[in-house]
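For reference, the structure discussed in these notes is given below.
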Amino acid sequence: MSSDDLRLLAEEAAICVACGLAETRTNVVFGVGGANADLMFIGEAPGRNEDLRGEPFVGAAGRLLDRLAEEVGISRDEVYIANVLKCRPPGNRDPREEEIEACKGYLAQQIKLINPAVVMTLGNFASKLLLKTSTGITRLRGTAYPWWGRFVVPTFHPAAALRGGERVLNDMRKDFALVRRVLDEPAAEEHVIAPQERAEAGPGATSLQETTQLEFFA
Ligand code: URA
C-alpha cells in the first residue's frame with residue numbers, strides 16, 4: 001500500500017474531535033511502523049508517556065513488548081504498533097464504549113492499509129474488539145484465529161505481565177512463539193481453530209477484499 005494513505009489518515013486523526021478525549025490529550029497517538037509490516041500489535045490506549053511523546057508503547061510496557069518480540073527475532077522497526085484508542089484516557093482509566101465506537105474506524109483503516117499477515121492483540125480491549133467476543137483474554141489466548149484473511153493472535157497486555165509476574169510472562173512467550181510460527185508458515189493446518197470456536201470468535205477466514213473496513217468491528 002502507499003504510505004501516503006496512512007499519512008493522510010494520521011493527519012485526519014491528528015485533528016479528531018469525535019470524543020471527549022480530544023479535550024484532555026496532549027498528542028494523538030496514531031501509530032508507528034512500516035506501512036507494509038507483516039505483523040501489527042494493537043494495544044489499548046496511550047498512557048502518560050505515549051500522550052507526551054505521541055508514540056505508542058514508549059514506557060515500561062513498551063520495553064517489555066520490544067523484548068518479547070526480540071526473543072522471537074522480531075525488531076520494533078519490522079512491526080506496526082497502534083492502539084484501540086488514539087488518545088489517552090485521563091488517569092489511564094479504561095476506555096469507554098463510546099470512545100471505542102468513535103475511534104475504531106481509524107484502527108479498521110490502519111489494518112486495511114497495512115494489511116499485516118498477523119495481528120497480535122494485547123489485552124482484553126483489543127482482543128475483544130477484533131474477535132467480537134466477551135470472552136476474556138485468559139481464555140482467548142494461546143490460539144491463532146483466522147480473521148478477515150489473516151490471523152489474530154491474542155495475548156495479555158504487557159502491563160499485565162509487569163504486574164503479574166512469571167506466569168503471565170511465560171504465557172506471553174508462548175504467544176510470541178506462536179506469532180513467529182504463523183508468520184513463518186501461515187498456511188500450517190495446526191494454526192486453524194475448530195469451526196465452532198471460529199464461529200464464536202468472529203468472521204473467520206472471510207477475505208479482506210470482501211469487506212469494507214468498518215465491517216471488521218461492526
Ligand atoms: N499501553 C497501551 O495499551 N498502549 C500504549 O501505547 C502504551 C501502554
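Values reported hereafter were calculated over all heavy atoms of this structure, with side chains retained and with hydrogens, waters and symmetry mates removed. Whatever order the structure lists them in is the order used to number ligands and atoms, beginning at 1.
- Under the 4.0 Å criterion applied to side-chain N and carboxylate O atoms, Arg48 and Asp51 are not assigned as salt-bridge partners.
- Against a heavy-atom cut-off of under 4.0 Å, Gly43 is close to the following atoms of ligand 1: 3 (O).
- Looking at ligand 1, you'll find an N or O of Phe57 within less than 3.5 Å of one of its N or O atoms.
- For ligand 1, the atoms closer than 4.0 angstrom to any heavy atom of Glu44 are 2 (C), 3 (O).
- Of the candidates Ala82, Ala45, Gly31, Gly62, Ala45 brings a heavy atom nearest to atom 5 (C) of ligand 1.
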Practice item. Mind running salt bridge (charged side-chain N to carboxylate O under 4.0 Å, His left out) on Glu70 and Arg63 for me, showing each step along the way? Key: CA-CA 10 Å; Glu70 273 159 21; Arg63 286 191 289 281; over 6 Å; no
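- Residue, atom and distance of the protein heavy atom nearest to atom 4 (N) of ligand 1 are Asn83 OD1, 2.8 Å.
- Here Glu185 does not pair with Arg181 in a salt bridge; the nearest charged N to carboxylate O distance is not below 4.0 Å.
- Shown in contact with Pro56 at under 4.0 Å from a heavy atom are these atoms of ligand 1, numbered in order with element: 6 (O).
- In terms of protein heavy atoms, atom 1 (N) of ligand 1 is closest to His157 NE2, 3.2 Å.
- Taking the six-membered ring where tryptophan is involved, the planes of His157 and Phe57 are tilted, since the angle between them lies from 30° to 60°.
- Hydrophobic clustering, with ILVMFWY side chains joined whenever heavy atoms are under 4.5 angstrom apart, groups Leu122 together with Leu162.
- Following chains of ILVMFWY side-chain contacts shorter than 4.5 Å, one can reach Leu183 starting from Met172, so the two form part of one hydrophobic cluster.
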